[in-house]
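Here is how names work: the chains are called A, B, and so on, in the same order as the sequence lines, proteins then strands, and each is numbered from 1.
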Amino acid sequence: MEYKFREIEEKWREKWKMDKVYKVDNPPSLIAAKPKFYVLDMFPYPSGAGLHVGHPLGYIASDIYSRYKRLKGFNVLHPMGFDSFGLPAEQYAIETGQHPATTTEKNIATFKSQLDKIGFCYDWEREVRTSDGDYYKWTQWLFLQLFNSYFCNTLQKARPIAELIKKYETSGAADFSSAEWLAFTKEEQADILMKRRLAFSAFGEVNWCEALGTVLANDEVVNGVSERGGHPVIKKKMRQWYLRITAYADRLLEGLEKVEFSDSMKEMQRNWIGKSEGAEMEFCLTPDPSPAGEGRKTPIQTAFKKVWPILKDLSRENRKEATRGEDILWQRLRGTQLESKVRRQHVIDNFIIDFAFLNEKLLIEVDGDYHNDEEQKNYDASRSAYLNELGYKVIRFGNREVENQIDAVISRIKKELTEAAPLSHGRGVGGEAIKVYTTRPDTIFGVDFLVLAPEHELVSRITSAEQKEKIEVYLTYVKSRSDRERMAEVKQITGCFTGAYAINPFDGKQIPIWIAEYVLAGYGTGAIMAVPCGDQRDFAFAKHFDIAITNIIGDHYNGTEANPTKDAILQHSGFLNGLRMKDAIGVAINKIEELGIGKRKVNYRMRDAGFSRQRYWGEPFPIIWEDGVAVPLNENDLPLELPFVEKYGPGPEGEGPLGNIEDWKKRKYETSTMPGYAGSSWYFLRYMDPKNTERFCDRNASDYWNQVDVYIGGTEHAVGHLLYSRMWTKVMYDLNLIGYDEPFKRLVNQGMIQGSSRFVYRIKGTDKFVSAGLKDGYEVDQLHVDVNIVDGTELDIKSFAKWKSDFINSEFILEDGKYICGVETEKMSKRYFNTVDPVLLTDKYGADTFRMYEMFLGPVEQSKPWDTKGIEGVHRFLRKLWRLFFDEVKGKLWTTEKATDAELKVLHKTIKKIESDTEQFSFNTAVSAFMISVNELNELKCNKKEILEQLLILLVPYAPHIAEELWHQLGHDGTILDAAYPTLQEKYLVETSKEYPVSINGKLRTTISMDVNTLQPEAEKLILENEVVQKWLEGKAPKKIIFVKGKMVNVVI
RNA sequence: GCCCAUGUGGCGGAAUUGGUAGACGCAGCAGACUCAAAAUCUGCCGUUCGCAAGGGCGUGAAGGUUCGAUUCCUUUCGUGGGCACCA
């Protein structure tokens, strides 16, 4: 009887499906109270390229583990689904016009059929897809929970926003009283609440490509231009949704203590969160007419005292009854859209001004038609003149101008703001201070210059007239650079002096202020104090621009490089002199706080998570914009379904494709959609209760299945997906929606399977291809060739000509009659022609072989190149196993004879090894152990059922089909999937003697067999009697004999 | 640049965590069976010196700790992943 894997595998897959052996029940229908176990894979994005051999690596590992746990008596949840929203489908739609829903559906069908051929134990009745309305209804619902919650700093947890509103109504807040809160307009209240919501809207910078009319990802921007088409890309401010993940920074850090992630994974998350402690402090500009701490801020109370009570109410009324023009302008000025803070209907002296930028002393009036009156014109002019006297600049726009040409109006205002009150050092305004964040306040006396991010709001205003031109040139350069480039290219030092100086508050030293691309606006305050003797980047910068360096660390600084030590004793450091730097940090912060120029501060590198995508194929936001206020949709109106679109191009002004739909715009729906990680942040819960129409997941189900016990996926998700889902889980926990605040108890990282690319070498300008070994003699182009037409490194020349029509007339220069290809390891990707379809392999060798071979390649956690060649060895092993049961000619071999001790020893050695390897996810060594076991049983000519059936159970997780078949051949009726896992009996493994390795001076020279119970004195005697040892001793006595019982011997001469 | 991982035969990898480096498999070589091929089986297989016995070298590189280092420490080089709109 032969091993007919095709028949066997198909038969059992059918049978298993019919019997629903993989169906998993939730309590209470679960009668026997088995312990639960939840094994989850990071779910795949169903790409059009289908599954390649890299994908199943983690799935096979989790499948093995799930089946193992099942054999061990657990109720195992091991689901699969699809992260089916995403950019590639949309990109494909743009190119081909096919709707993403259609292509996604097709891709999923392909994935599922591919997955099924590998024999996974998924309960497909629990499948979820993020792009299903039934699913994203709850993604939207959860978004609304985030929107309707805020982070209470006292309780350190999420609470309903209604509680905050109540607090504002009854006791107000730091910035306003309860009476003021009640007097605010609806919009003003909404703006204030938005600053606390966990899902909030604000203005943020994106990579904007005008030519493509779209927002680009960082890696789509290369050298300041778009990867596709090479069009210029600039930073643009747009309204975006964010998740306030920063509020959870500390809890995300603490949570790492109670999960089993690898240390490196935890380290990556910690670094991403980037918590640092230090101080935020201010440097005043020169000259500074006012003493520190006083009069630096423009007062907000600008009203003439006597008329204030009257005007106050009037201004409130005006705000509520704004003209259309005022309203349009307000929507474009408010919040964080501009760098500058604007106030509406603000009272200055005894006038009410429509819009006031107090810091910039710029006032804006929006006038109705009656202002064209001669009399009114005169009145307006005198009013402007009066305000000019007070130091304000007034600009006026007509109502119609605002209504019809809002963009022009905005750009005029921006220009005025930039030019307003330039604070060059000569002018003596001195009302500004530069805020820096530093973790090393102890080095304050070593500050030789300040560096601002080029985007810093003060840059335009502090630049001196002489430097203006240079700064502008530099700013243009920086605009063309991506953040990535700015951080990466450190060898190339760039920067520009602003012409302005700041004052070191401790010694009064004047410090030049520079801008440089290595300081990023998004980190800290966007400004740093540079200490060249202690920071290498600052040092390189100072050297490059010839800035004098102050040494505050004595001998620790050698003049050729910076020394970031914290152990030096400070010198030239005023009140810090003589202190060790470590100790000086606290002292410096105390002083800074005492002087009122700054404060102790904890800073996080992590930023709030951008949650808007200007795209189509994602979850719509359940939000309506009414007069600039975000109004959540009613729960009963969910899901807000993604509408059908004709075209997938961007909408107006950088909006997503939804912006093109008239009906959508008319209903004032948000036009951006949610990002990929929205659906994947909570999917692990939906698997527990996938069909629920009442809730995202029944509480009983989420309590029963609880956390994911083992989560398997790649390290590429280390900081994105994992942090987001951890945050969502914490929010859900805070809101009492679930009972635990970490989603994944244990994380196993799977390495990537890399492609092993093959190359052919074409002689330039010809159709001649030269074999790899001979290519050095020619000038050649290196071309990728499909790995599927190469056997090892030998090219199948016939298939090559057929592969691409270009190669039909190819000629070859061979070596030893073969064409040998070049080899390189690269990412597995269609464009490198190095992908291998698992179905090809399951068809040729069977699923069991394929599963075991994927595992045999190497440790799951490690990346390794794929090479199909070795699969034969594993296939041979399965056939060898089969031949322990059946002979091709003689038929049945297995017997019911009693097993010998030697056979039992092999079995129990295997049980021990397989069990511990499986438990530790060391599947490659487990496969080896199976091979060794079968080899040994072969040698012992063991065909005994007693041994073999136990071995089969061990094999189930790895090769379920063949195990089930042989199980039935041995005469069992039930499925082997629920058999009892073999129990290890140590008594069969006891050894009586040990072959000790004997080293002389650490070098192995011989071995001696001794009883395992031999102790040192007796062992020494035996060792010294040994011929080889005597030869090396040359009659001398050894200096020392090291004897480690059960391990080894070392003789030191 | 920063963070994380990783580097062992021709190739994938193993080594009970400081104790016999190269298990297991692929490829290769030699042989058995066969008319032949496939399949199967047996042997060899890091490198170097040697007829052999046996010896030298060897885990990216250079140092160090130790009776003993692939394993621990320092420095350094290469490769892979991540760096916030790929998923």
Students often get this wrong, so: under 4.0 angstrom with heavy atoms, is [X] touching a base, only sugar-phosphate, or nothing?
| X | result |
| --- | --- |
| A:S999 | nothing |
| A:G86 | sugar-phosphate |
| A:N218 | sugar-phosphate |
| A:Q614 | base |
| A:K880 | sugar-phosphate |
| A:E854 | nothing |
| A:M606 | base |
| A:V719 | sugar-phosphate |

| request: Classify the side chain of A:E220 and the base of B:C86 as holding, or not holding, a donor-acceptor pair under 3.5 Å. | output: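 Absent.
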| request: Compare the minimum distances between each of B:A87, B:A27, B:A84 and the side chain of A:R876, then state the nucleotide with the smallest one. | output: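 Given the options B:A87, B:A27, B:A84, the side chain of A:R876 is closest to B:A27.
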| query | Taking the side chain of A:M752 as its heavy atoms from C-beta onward, which of B:G81, B:U20, B:C86 lies nearest to it? | reply |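 Per side-chain heavy atoms of A:M752, the pick is B:G81.
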| query | Looking at A:K1003, does any N or O in its side chain come under 4.0 Å of the phosphate oxygens OP1/OP2 on B:C57? | reply |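 True: A:K1003 side-chain N/O within range (under 4.0 Å) of B:C57 OP1/OP2.
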| query | Does A:R883 make a side-chain N or O approach to OP1 or OP2 of B:C41 shorter than 4.0 Å? | reply |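 It does, given that an N or O in the side chain of A:R883 lies less than 4.0 Å from OP1 or OP2 of B:C41.
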Atom pair distance, as rounded to whole Å: [atom1] in [X] and [atom2] in [N]:
| X | N | atom1 | atom2 | result |
| --- | --- | --- | --- | --- |
| A:I108 | B:A87 | CD1 | C1' | 14 Å |
| A:N271 | B:A5 | CG | P | 10 Å |
| A:F886 | B:U40 | CZ | C1' | 19 Å |

| Given RNA chain B, 5'-ward residue of the pair A:I871 and A:V206, judged by closest heavy atom |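 Looking at the nearest nucleotide for each, A:I871 comes out on the 5' side.
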Under 3.5 Å, which protein N or O atoms sit close to an N or O of nucleotides 9-17 of chain B? Give each pair with its distance.
| unit_1 | atom_1 | unit_2 | atom_2 | d |
| --- | --- | --- | --- | --- |
| B:G12 | O2' | A:L857 | O | 2.4 |
| B:G13 | O5' | A:L857 | O | 3.4 |
| B:G13 | O3' | A:N924 | ND2 | 3.3 |
| B:A14 | OP1 | A:N924 | ND2 | 2.9 |

N/O to N/O distances under 3.5 Å, protein versus nucleotides 64-73 of chain B:
| unit_1 | atom_1 | unit_2 | atom_2 | d |
| --- | --- | --- | --- | --- |
| B:C67 | O2' | A:N1050 | ND2 | 3.2 |
| B:C67 | O2 | A:N1050 | ND2 | 2.6 |

Taking N or O atoms only and anything under 3.5 Å, show me the protein contacts with nucleotides 49-55 of chain B, one pair per line.
none

